[in-house]
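Here the structure comes first, spelled out in structure tokens, and everything after it is commentary.
Throughout, protein chains are lettered first and strands after them, A, B, ... in sequence-line order, and every chain is numbered starting at 1. Given the structure is predicted, the values throughout are model-derived calculations rather than measurements.
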Amino acid sequence: MAVSEFFQRVYEMVARIPRGKVVTYGQIAAALGAPRQARTVGWALHSAPEWLDIPWHRVVNRSGGISTRHTIGELSIQRGLLEDEGIVFNEDGRLDLKRYRWAGI
DNA sequence: ACGGTGACGAGAT
DNA sequence: TATCTCGCCACCG
């Protein structure tokens with residue numbers, strides 16, 4: 001499928017993630033039938049237009065950690081948004097995927 | 001065309 | 001468990 005279509009599907013999928021839950025980049029790629037394109041999923045979110053207003057912060061890496069360096073000073077924007085939804089991070093700056101992963105994708 | 005980069009991930013050590 | 005290595009692929013200069 002064309003790249004733009006792939007990006008479009010990524011956005012549709014991310015839009016369905018419920019508040020307080022997360023999915024991984026690889027999860028999205030696999031669900032789209034492209035298990036080796038996790039990096040492309042990351043790129044899609046990186047370049048997602050603001051007006052789409054999708055919950056991009058609900059996508060984390062395989063370790064339950066934050067990949068983006070989107071910050072305000074030392075503070076991670078993504079972590080802040082997730083904590084606002086009740087998600088708790090451990091001392092290593094990672095969340096428990098066994099607990100927060102959304103399998104409905 | 002080409003090599004470097006990165007919001008990734010799996011496997012080896 | 002932590003770290004390293006390598007494959008992956010869109011984008012950019």
Atom [atom1] of [X] and atom [atom2] of [N]: how far apart are they, to the nearest Å?
X: A:Arg69; N: B:dT5; atom1: CZ; atom2: C1'; answer: 11 Å
X: A:Glu50; N: B:dA7; atom1: CD; atom2: C1'; answer: 16 Å
X: A:Ile28; N: B:dA7; atom1: CD1; atom2: P; answer: 16 Å
X: A:Asn61; N: B:dA10; atom1: CG; atom2: P; answer: 11 Å
X: A:Arg94; N: B:dC8; atom1: CZ; atom2: C1'; answer: 15 Å
X: A:Ile54; N: B:dA7; atom1: CD1; atom2: P; answer: 16 Å

Contacts under 3.5 Å, N or O only, protein and nucleotides 3-13 of chain C:
unit_1: C:dG7; atom_1: O6; unit_2: A:Arg39; atom_2: NH1; d: 3.4

*Look at all strands and tell whether A:Ser47 reaches a base, only sugar-phosphate, or nothing, counting heavy atoms closer than 4.0 Å.*
nothing
_Test your reading of the model: is there a side-chain donor-acceptor pair from A:Asn61 to the backbone of A:Ser63, 3.5 Å cut-off?_
yes
*Taking all non-hydrogen atoms of both residues, which atom of A:Ile17 and which atom of A:Val23 are closest, and how far apart?*
CD1-CG2, 3.5 Å
_Heavy-atom closest pair, residues A:Gln78 and A:Trp56_ = CB-CZ3, 4.0 Å
*Distance in Å, A:Arg19 CZ paired with A:Leu81 CG, rounded so as to fall on 0.5 Å steps*: 9.5 Å
*asked:* Taking the basic N atoms (NZ, or NE/NH1/NH2) and the acidic carboxylate oxygens, is any pair closer than 4.0 Å for A:Arg9 and A:Glu5?
replied: yes
_Stepwise side chain to side chain contact (heavy atoms under 4.5 Å, CB included) test for A:Phe7 and A:Thr40_ = CA-CA 8 Å; A:Phe7 278 34; A:Thr40 305; 3.9 Å; yes
